[in-house]
2 protein chains.
Amino acid sequence: MRDRRAERRESTRAEILDAAWEQVREHGLAALSLRDVARSVGMQPPSLYSYFDSKNAIYDAMYAQGARECVEAQQALKPLPDDQLEALKALLHFFVEFCAADFARYQLLFQRTIPGFEPSPESFKISEDNLAEIGEMLARSGVTDPGSLDLLTALGTGLADQQISNDPGGDRWIRLIDEAVEMFYEHITKKAKKPSKGRRTR
Amino acid sequence: MRDRRAERRESTRAEILDAAWEQVREHGLAALSLRDVARSVGMQPPSLYSYFDSKNAIYDAMYAQGARECVEAQQALKPLPDDQLEALKALLHFFVEFCAADFARYQLLFQRTIPGFEPSPESFKISEDNLAEIGEMLARSGVTDPGSLDLLTALGTGLADQQISNDPGGDRWIRLIDEAVEMFYEHITKKAKKPSKGRRTR
DNA sequence: CGGACTATCTAACATAGTTAGGAGTATCGA
DNA sequence: TCGATACTCCTAACTATGTTAGATAGTCCG
């Protein structure tokens, strides 16, 4: 049975990634040490290279893993409430809470923290597809024009960033999500009514 | 003249910091290499230790420098427009553009990117005082309650983060600042009119 | 059993931050 | 002016990092 081998290999890979996540959650994303990872799975450092081509390959696998977790968490949202306002609230809650749940993962997925590391096209595609789907969800919730989409994105990332940076474990910014979405929703509905293109204000 | 020495020392420190900034802007904040810095100022690596206690001490000095730059850029805003809406716009423009102007500086000041580095109390105080002053400015512009302040903070950091992460050199999110502030301002003025504490919506 | 494949090891290399200790030079008090 | 002091800069070396090369043992298949 050749599968036995592949299976064992895959499980060792997973073990290594688990150890890496633990490391990274403990000491910071950029502080990942191959030697410590190796030690914690009972190997010598060079042995890791049978499973990953480099340290960045490990980061890449972690990125893909994190992105897949994001997809899963997002699937759990479906079906979205019919009410557009509620749907938006649900989406933003999902995003902020996903980010706040794991700082290292947040950094890996959404910040350019590690010099020399960029997710591989395959890994990045997971995020990209996910983003596209969120875009569709938003479109179905009435957010169509690019500007509004950017604005909502900024609002979401801002809430997530503040939450995880300044109140990890708390809910200071999470509590603001509903209010923020209401503000945003009122704004775009008003904008839709009077599409005064040439801005006259001031 | 003992001053001569101190002066020369100070100028060498500045030279080192300049080299460090260049490094960091080129290769990423976390990729700062003492050896390269030393080489670029014409020294051997250990010689840097006459000027800074450690690599983190260099980061700390850079942090202080960045924070001071932030203070300066902010002073240039005064006097703020009397009109509250315009004042808020000016403040957010200042912040987003300050962030977008230098990614490495942004990371150093506003993200926890480097494991093991925390700004020293003295350096952090610069940021803190600055933040306090921004708080006052906002209060004078009508943003008083903590929730609204947090909301605006999230909006600002979100715009800045999206701008510098996804459109460096462009103005995609900068263009949204005015709209975002208008949205926010309308929201808080409306909230002030009917302070319905117990939320009844939904 | 023999041969291929694979996982793992040890040894070693380059580079990183950092420390120790010494050589040379400017500064200051007497 | 002279000797002591302090300071700057150096070389050498230590530890830790990611990574490569090459050898060794174990496992699977014909």
Side-chain angles (χ1 to χ4, degrees), chain A residues 1-24 26-63 108 113-118 120, chain B residues 1-24 26-63 108 113-118 120:
Chain A
M1 287 187 185
R2 170 156 279 146
D3 294 350
R4 250 324 188 264
R5 265 253 254 268
E7 192 178 316
R8 165 137 183 70
R9 186 184 163 78
E10 211 44 49
S11 107
T12 309
R13 273 180 64 106
E15 215 176 315
I16 291 170
L17 288 181
D18 286 351
W21 277 114
E22 198 170 341
Q23 269 262 330
V24 135
E26 182 86 12
H27 301 103
L29 180 64
L32 179 62
S33 153
L34 291 198
R35 294 178 124 91
D36 288 351
V37 168
R39 205 162 42 78
S40 101
V41 299
M43 280 182 175
Q44 292 297 324
S47 302
L48 297 178
Y49 284 76
S50 329
Y51 297 95
F52 296 95
D53 284 344
S54 67
K55 188 179 179 180
N56 276 355
I58 296 187
Y59 277 129
D60 188 58
M62 293 170 82
Y63 181 98
L108 181 58
T113 289
I114 295 145
F117 168 68
E118 261 190 304
S120 64
Chain B
M1 286 194 185
R2 167 159 281 146
D3 293 349
R4 250 326 188 264
R5 250 263 256 251
E7 193 179 313
R8 167 139 183 68
R9 188 186 163 77
E10 211 45 48
S11 110
T12 308
R13 274 181 63 107
E15 215 176 316
I16 292 171
L17 288 181
D18 285 351
W21 278 114
E22 198 171 339
Q23 271 262 329
V24 134
E26 181 86 10
H27 301 104
L29 180 64
L32 179 62
S33 154
L34 290 198
R35 292 178 127 91
D36 288 350
V37 168
R39 206 162 42 78
S40 101
V41 301
M43 280 180 175
Q44 293 297 322
S47 302
L48 296 179
Y49 285 76
S50 329
Y51 297 95
F52 297 95
D53 285 345
S54 68
K55 189 180 179 180
N56 275 355
I58 295 186
Y59 277 129
D60 188 58
M62 293 170 80
Y63 181 97
L108 181 58
T113 289
I114 295 145
F117 168 70
E118 262 191 303
S120 64

Measuring from the side chain of [X] (C-beta onward, heavy atoms only), which nucleotide among [options] has the closest atom?
X       : options                : result
B/Arg35 : D/dT17, D/dG18, C/dT18 : C/dT18
B/Ser50 : D/dT8, D/dA13, D/dT19  : D/dT8
B/Pro45 : D/dT17, D/dT20, C/dT18 : C/dT18
B/Ser47 : D/dT17, D/dC9, C/dT18  : D/dC9
A/Gln44 : D/dG18, C/dC9, D/dT11  : C/dC9

What's the spacing between [X] [atom1] and [Y] [atom2] if we round to 0.5 Å?
X        : Y        : atom1 : atom2 : value
A/Leu48  : A/Asp53  : CG    : CG    : 12.0 Å
A/Thr113 : A/Tyr59  : OG1   : OH    : 9.5 Å
A/Tyr49  : A/Ile58  : OH    : CD1   : 7.5 Å
A/Ile16  : A/Phe52  : CD1   : CZ    : 5.5 Å
A/Leu29  : B/Ile114 : CG    : CD1   : 12.5 Å

Using a 4.0 Å heavy-atom cut-off across all strands, classify A/Thr12 as base, sugar-phosphate, or nothing.
-> nothing

Q. What nucleic acid atoms does B/Tyr51 come within less than 4.0 Å of, heavy atoms only: base, sugar-phosphate, or nothing?
A. sugar-phosphate

Could you state the [atom1]-[atom2] distance from [X] to [N], rounded to the nearest angstrom?
X       : N      : atom1 : atom2 : value
B/Leu34 : C/dA16 : CG    : C1'   : 9 Å
A/Asp53 : D/dT20 : CG    : P     : 9 Å
A/Arg13 : C/dT6  : CZ    : C1'   : 16 Å
B/Glu7  : C/dT27 : CD    : P     : 12 Å
B/Asn56 : C/dG17 : CG    : C1'   : 10 Å
B/Gln23 : C/dT15 : CD    : C1'   : 14 Å
A/Ile58 : D/dG18 : CD1   : P     : 9 Å
A/Lys55 : D/dT19 : NZ    : P     : 8 Å

Note: for B/Arg9 and B/Pro46 on DNA chain D, the residue whose nearest nucleotide lies more 5' is B/Arg9

Whichever of B/Met43 and A/Leu32 has the more 5' nearest nucleotide on DNA chain D, that residue is B/Met43

